[in-house]
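Numbers restart at 1 for each chain; the letters A, B, ... are given by sequence-line order, proteins then strands.
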Number of protein chains: 2
Amino acid sequence: MAKANKRTSLADLAKELGLANSTVSRALNHASDVSDATKAQVWALAEKLHYQPNSLAAALRKGRSNVLGVIVPHINGAFFPAVVHGIEEVASKAGFNVMICQSTEDVDREKKHVEALLKAQVDGILVSMSNTTRDYAHFERVRSQGTPLVFFDRMPALPDACGVVVDDYLGAYQVMEHLIEQGCRRIAHFAGPQILNTTYDRFRAYQDALKAHGIPYREELVVHLPGSSTTAGMTAMQQLLQLPERPDAVFSAYDFPAGGALQLLEDYGIRVAEDIALVGFSNEPFTTMIKPRLTSVDQHGTLMGETAVELFLQLLKRAEPLSSRRIVLKPQLVVRDSSLYGQPAFHKQA
Amino acid sequence: MAKANKRTSLADLAKELGLANSTVSRALNHASDVSDATKAQVWALAEKLHYQPNSLAAALRKGRSNVLGVIVPHINGAFFPAVVHGIEEVASKAGFNVMICQSTEDVDREKKHVEALLKAQVDGILVSMSNTTRDYAHFERVRSQGTPLVFFDRMPALPDACGVVVDDYLGAYQVMEHLIEQGCRRIAHFAGPQILNTTYDRFRAYQDALKAHGIPYREELVVHLPGSSTTAGMTAMQQLLQLPERPDAVFSAYDFPAGGALQLLEDYGIRVAEDIALVGFSNEPFTTMIKPRLTSVDQHGTLMGETAVELFLQLLKRAEPLSSRRIVLKPQLVVRDSSLYGQPAFHKQA
DNA sequence: GAAGTTTACACAATGGTTTGTGGAGATTGG
DNA sequence: CCAATCTCCACAAACCATTGTGTAAACTTC
């Protein structure tokens, strides 16, 4: 009665049955070249001994681990969790395990995680870049090894990069057209880090939309946020309120700062929607809970995660030089009370 | 100029340098029994050839994968993402990769994920049970294999189960005492599934607190939620409003239903806080964004994740029969406007 | 009934690393 | 100068499953 903690291996089954390892393996897997009788024997014993195949050994031999690596900047807010949700859903269905890492917006940790995932022989890596990533050498390494690499949401400006993003430019442009349609003319912008394609595109759309509608671009109406927190939005709003002339709308690159601005405006007795329109970006759950409900842009996080995995699966099939594919999802402008300029937003009747 | 896509292995280094595999291995690892000169040689060549150790092979040989499996019911809301955040943080720091799975509240998927993780030779499993889990055979299997098993938040009623939970009973009891202190006497409860220790404890505390303060328990004031959504809370509130006598407080086992109730009450012109106190549970981000701000209970999700990993690391060290340890975190009642019964909650000045 | 095909399995190599053992050469001590 | 000790490294087994090849026996076919 020793420890006997050792898991039963395929070889144990073989020895017990007087078969060769290969026969047992074939009996358990593709199962050609082995009689139904022995198949039954093998399966019965496997069941009885609680045999569990060792994925590591199989992966080592087959050169395929069925593990998918994922690197996200963080797991805060609603967006990235939604993406992870979608990723896990589809990956799991396709027989893949998901290894998750967060870079915490730190390129060094991002690099380390890439290394660790490659060492773990993952079959592919899904990554949304940190906002401190400047060079892409660590990503090049992945591709040069032949490991499928799929970006999502935040992707580098490389011509041959695969990924799935949402059309931030379009989403932001729609926001702007909506605001202009509402009669807003002094539209302010809370900008995110310009190094990221996402927030950069939102800013670009802000500028282009102004231009297209003959509205002059005023630098003083753009506040670069230090983060995406509520308080960041409050101080940004405070800054705007100190201008000689108040903006009549604010388009924030994130939802939480918009929420902060909303709170601050309330404290100042300035009525959101009636006096100043407010729009966020991301469609966080709280946007439907607050008063007035916040107009925002949905990024389809779950769909993005699902699509990213499907793209990965495609890359995995073809051993070809990984044709660069970029899938662009359409964002959805969700108009709610906060952007209906000039109209009383509170107590709108059902 | 063939494909040459093959990654360079330890054996390649050995051959190139005319050394034995063992020497190269020792040079790269603990590095005793090998001269500094050859160590340098090995490292130099490893660098030059971009050698990346194959974790799978190492894990297979060492019987240790440095992978931690995590099973969560889902990745929605703020709580579970926070836990995952904490888990990844500490696990990563300890040199572990994290494999994440969601059961989607489906015990069958939970079982499959347990199987998959064991096959993947994970060094331990962290799990928060699905609400459809009735028997714990699949968990017993894990422990019988000697794989450390740590529950978090939702754990089974087994005497020898390890895990980290928050004291839901205490949190809920504090909610009740707070409400009673505010003068509430007809306190309603939105109850979660009674199969889960968490929501069961919240309900139990609700009952006990009433009893302790000589307030009769009224069955009609308890609504069992079909889910934890906003709409679930709205219909539950609607149901309560049809009672001959209105409750003067609602303690919801989740935040979102409380938010839904708040919206419904507003539609009916019933003032939250003034006319009816409202308390949720989980301290979702939206609780601070809405008006009135929602009183809630913080579950310290991130801390829970961190603690769970630390508990796992302890279990991993000792090969002993895994002493059952249950770590209980203190929840934090966060009193905000919505529960200040009788007081006007809106426009409270700063 | 001989030649050719199929069936069902065994043998052995393979994947990449770790680790116990052993041994040649260099060093030290008496 | 010989024995004892150390250094530094090689050899080979082990981890566990997969897979190409080889080979008996059973079967088909004319």
Side-chain angles (χ1 to χ4, degrees), chain A residues 5-43 45-46 49-67 95 116 118-123 145-146, chain B residues 3 5-43 45-46 49-67 116 118-123 145-146:
Chain A
N5 236 351
K6 240 168 73 41
R7 318 207 209 295
T8 62
S9 73
L10 182 145
D12 295 335
L13 300 183
K15 198 179 298 177
E16 181 88 9
L17 291 171
L19 292 172
N21 289 0
S22 53
T23 307
V24 176
S25 174
R26 283 185 245 264
L28 293 172
N29 297 343
H30 39 73
S32 84
D33 251 28
V34 50
S35 72
D36 289 345
T38 41
K39 250 186 266 188
Q41 272 194 333
V42 171
W43 276 101
L45 188 66
L49 264 53
H50 296 318
Y51 168 66
Q52 278 187 327
N54 186 325
S55 304
L56 293 187
L60 179 60
R61 177 63 232 255
K62 295 203 288 193
R64 192 137 183 287
S65 62
N66 274 4
V67 173
L118 289 178
K119 286 201 282 195
Q121 313 295 115
V122 295
D123 291 337
Q145 291 208 4
Chain B
K3 268 261 240 31
N5 237 350
K6 237 166 74 39
R7 319 206 209 294
T8 61
S9 73
L10 182 147
D12 295 335
L13 300 183
K15 198 178 298 174
E16 181 88 8
L17 292 171
L19 292 172
N21 288 1
S22 54
T23 306
V24 176
S25 175
R26 283 185 244 264
L28 293 172
N29 297 343
H30 40 73
S32 84
D33 250 30
V34 49
S35 72
D36 289 346
T38 41
K39 250 186 264 185
Q41 272 194 333
V42 171
W43 277 101
L45 189 66
L49 264 53
H50 295 317
Y51 168 67
Q52 278 187 325
N54 186 326
S55 305
L56 292 187
L60 178 60
R61 176 61 233 252
K62 295 203 289 193
R64 193 136 182 287
S65 62
N66 273 9
V67 173
L118 288 179
K119 285 201 283 194
Q121 312 296 114
V122 296
D123 290 338
Q145 291 209 4

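Put simply, CZ on A/Arg61 is 10 Å from P on C/dG16, counting in whole angstrom units. In this entry the distance linking CG of B/Leu56 with P of C/dG16 reads 11 Å, nearest Å. Regarding A/Lys62, its NZ atom lies at a distance of 23 Å from the P atom of C/dA13, rounded to whole Å. Atom-to-atom, NZ of B/Lys15 to C1' of C/dG16 comes out at 13 Å; the value is rounded to the nearest Å. Per the geometry, CG belonging to B/Asn66 stands 16 Å off P belonging to C/dT17, to the nearest Å.
With sequence neighbours left out, A/Asp123 forms a side-chain contact (heavy atoms from CB on, under 4.5 Å) with A/Arg64, A/Ser65, A/Asn66, A/Phe96, A/Phe312, A/Leu316. In terms of the side-chain contact (heavy atoms from CB on, under 4.5 Å) criterion, A/Ala40 has no residue partners (sequence neighbours excluded). Legend: residues meeting side-chain contact (heavy atoms from CB on, under 4.5 Å) with A/Lys39, ordered by chain and number and at least two apart, are A/Ala27, A/Ala31, A/Val34, A/Asp36. Listed by chain and number, the residues in a side-chain hydrogen bond (donor to acceptor under 3.5 Å, both in side chains) with B/Thr38 are B/Ser35 (sequence neighbours excluded). Among residues two or more places apart in sequence or in another chain, the side-chain hydrogen bond (donor to acceptor under 3.5 Å, both in side chains) test is passed with B/Thr8 by none. The side-chain contact (heavy atoms from CB on, under 4.5 Å) test applied to A/Gln121 returns B/Arg7, B/Asn54, B/Leu56, not counting sequence neighbours.
Applying the salt bridge (Lys or Arg N to Asp or Glu O under 4.0 Å) test to pairs two or more places apart or on separate chains, none has a residue in residues 10-34 of chain B.
Listed by residue number, the members of residues 18-29 of chain B with any heavy atom below 4.0 angstrom from DNA chain C are B/Asn21, B/Ser22, B/Ser25, B/Arg26, B/Asn29.
Within 4.0 Å of B/Asn54, counting heavy atoms only, lie sugar-phosphate atoms of the nucleic acid but no base atom. Backbone-only engagement by A/Thr38 is indicated by non-hydrogen atom pairs under 4.0 Å involving sugar-phosphate atoms exclusively.
Taken to the nearest 0.5 Å, the CG atom of B/Leu60 stands 11.0 Å off from the OG atom of A/Ser55.
If you walk DNA chain D from 5' to 3' and mark each nucleotide with an atom closer than 4.0 Å to a heavy atom of chain B, the marks span D/dC8 to D/dC16.
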